[in-house]
Amino acid sequence: MVTPPCRLTNLFAQYCQQTRAQNSFSSFISKRMQLIKVEDQMKRSTFEIPLHQSDCHPFALARQGQTVHGGVIATIMEDTTTMHICANDPRARKAMTTDMNFSFIGVGKVGRTLSIDSKILKIGGVLGVAEANVKDVSTGKLIAVGRHTMMFIGEDNSSMEFAHSLNSVFDV
């Protein structure tokens, strides 16, 4: 029996489509990221992403084992928790970050795959909070932990709308 897609599955598909259409910074991530599972009534989700050479810190040398830039891991955590928080808002609004923190405990290395486990801590009328753990799939070692707080903005059902125009006011 196939279960119908949940709101997080739909939002992830939109994220992949929109980041590519807009040639967004996150498009480098969305091309490789996969939504692996959604469970506990959409309160927990798992994403995976393989690490590539382009994710490396510029000072990482091949002979030292190329390590992934912390900004890449932070972006992965932000994108996954953003989708997870917005998917859990009963009014399906867009949201903006009010607070985000990360602790890096290990290093991600090229050729490995990271697992991002996101957990909803609270969804309220104004704020949503999620935490994420990033682990190396092959070793199970914890790479980073983070917490993301977002404030819901916009009209009801706005988080699922694909942009009507892909033009930015900043286009030259």
Side-chain angles (χ1 to χ4, degrees), residues 5-49 51 54-55 68-105 108 114-135 142-172:
C6 68
R7 198 170 1 184
L8 182 56
T9 304
N10 293 336
L11 202 54
F12 178 65
Q14 179 183 328
Y15 160 79
C16 291
Q17 182 182 11
Q18 195 160 341
T19 58
R20 293 170 195 172
Q22 293 178 335
N23 198 23
S24 163
F25 173 75
S26 292
S27 67
F28 297 104
I29 291 168
S30 70
K31 291 175 184 176
R32 294 178 279 145
M33 191 182 305
Q34 294 181 320
L35 175 59
I36 303 300
K37 65 182 174 183
V38 180
E39 53 190 6
D40 194 18
Q41 298 179 338
M42 217 169 45
K43 299 299 182 206
R44 295 178 182 273
S45 65
T46 301
F47 295 82
E48 286 186 358
I49 184 166
L51 298 176
S54 60
D55 301 325
V68 173
H69 194 287
V72 171
I73 294 172
T75 301
I76 291 167
M77 289 174 64
E78 180 184 14
D79 287 357
T80 56
T81 54
T82 294
M83 287 182 281
H84 200 186
I85 289 169
C86 288
N88 275 275
D89 176 25
R91 293 174 51 193
R93 295 167 289 177
K94 293 180 181 178
M96 60 178 273
T97 298
T98 59
D99 185 47
M100 193 170 17
N101 63 70
F102 307 104
S103 294
F104 297 95
I105 299 164
L114 296 182
S115 172
I116 304 92
D117 295 317
S118 178
K119 176 184 173 187
I120 295 295
L121 299 179
K122 178 176 178 32
I123 297 293
V126 177
L127 298 175
V129 182
E131 68 181 7
N133 292 327
V134 180
K135 295 180 181 177
L142 191 61
I143 304 295
V145 296
R147 182 170 286 187
H148 190 182
T149 303
M150 301 191 81
M151 179 174 59
F152 297 114
I153 58 172
E155 302 294 322
D156 289 3
N157 300 312
S158 61
S159 71
M160 298 303 288
E161 294 175 1
F162 188 79
H164 295 291
S165 169
L166 296 180
N167 294 326
S168 166
V169 294
F170 300 108
D171 286 345
V172 187

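Please read all numbers here as calculations on a predicted model, not as lab measurements.
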Fill in the blank from the handout: Rounded to the nearest 0.5 Å, the CD1 atom of Ile29 sits from the CD atom of Glu78 at a distance of 9.5 Å
Problem - Check: Glu155 main-chain N/O paired with Arg93 side-chain donor or acceptor under 3.5 Å - result: no
Problem - Close side-chain approach of Lys119 to Lys43, heavy-atom, < 4.5 Å - result: no
Problem - Any donor-acceptor N/O pair, Thr19 side chain to Tyr15 backbone, under 3.5 Å - result: yes
Exercise for the section: Please confirm whether the backbone N or O of Met42 pairs with a side-chain atom of Asp40, one donor and one acceptor, at under 3.5 Å? Expected result: no
Exercise for the section: Answer yes or no: is there a donor N or O on one side and an acceptor on the other, between the side chain of Arg7 and the main chain of Asp89, under 3.5 Å? Expected result: yes
Fill in the blank from the handout: Rounded to the nearest 0.5 Å, the OG1 atom of Thr80 sits from the CZ atom of Phe12 at a distance of 10.0 Å
Problem - Pairwise side-chain contact, Leu142 with Val134, heavy-atom cut-off 4.5 Å (strictly under) - result: no
Exercise for the section: Report yes or no: does Thr98 contribute a side-chain atom to a donor-acceptor pair with the main-chain N or O of Thr149 at less than 3.5 Å? Expected result: yes
Exercise for the section: Check whether any side-chain heavy atom of Asp79 sits under 4.5 Å from a side-chain heavy atom of Phe47, and report yes or no. Expected result: no
Problem - Distance-minimising heavy-atom pair for Ile73 and Ala144 - result: CG2-CB, 4.0 Å
Handout entry: For the student: nearest non-hydrogen atoms of Met77 and Thr81, plus distance
Key = O-OG1, 2.7 Å
Handout entry: Met150 side chain near Leu127 side chain, heavy-atom distance below 4.5 Å
Key = no
Exercise for the section: Count the heavy atoms of every other residue, nucleotide or ligand shown that sit under 6.0 Å from CZ of Phe104, and state whether that count exceeds 12. Expected result: yes
Problem - Side-chain ion pair, Asp55 and Arg32, N-O less than 4.0 Å - result: yes
Completion exercise
Note: Ile116 and Ala132 closest approach over all heavy atoms is CG2-CB, 4.2 Å
Fill in the blank from the handout: Between Asn88 and His84, the two heavy atoms sitting closest are ND2-O, 2.9 Å
Handout entry: Spacing of NZ belonging to Lys31 relative to CD1 belonging to Ile49, to within rounding of 0.5 Å
Key = 11.5 Å
Completion exercise
One should read off an interatomic distance between Lys94 NZ and Ile153 CD1, to the nearest 0.5 angstrom, of 8.0 Å
Problem - CG on Leu11 to CD on Gln18, rounded to 0.5 Å - result: 9.5 Å
Practice task
Output, in order, the C-alpha distance, side-chain angles, deciding distance and verdict of side chain to side chain contact (heavy atoms under 4.5 Å, CB included) for Arg91 and Asn157.
Solution key: CA-CA 6 Å; Arg91 293 174 51 193; Asn157 300 312; over 6 Å; no
Completion exercise
What one should report as the nearest heavy-atom pair of Thr46 and Ser115 is CG2-OG, 3.5 Å
Exercise for the section: Taking only Lys NZ, Arg NE, NH1 and NH2, and the carboxylate oxygens of Asp or Glu, determine whether Arg44 and Glu39 approach each other closer than 4.0 Å. Expected result: no
Handout entry: Phe102 side chain reached by Arg147 side chain, heavy atoms, under 4.5 Å
Key = no
Exercise for the section: Say whether, by atom type as modelled, one donor and one acceptor occur between the side chain of Arg20 and the main chain of Ser30 under 3.5 angstrom. Expected result: yes
Problem - Contact check, side chains of His148 and Asn101, non-hydrogen atoms, under 4.5 Å - result: no
Problem - Ile143 side chain near Leu114 side chain, heavy-atom distance below 4.5 Å - result: yes
Problem - Distance, nearest 0.5 Å, that separates NE2 of His69 from OG of Ser54 - result: 12.5 Å
Exercise for the section: Locate the shortest heavy-atom distance separating Ala95 from Phe152; write the atom from each residue and the value. Expected result: CB-CD2, 3.9 Å
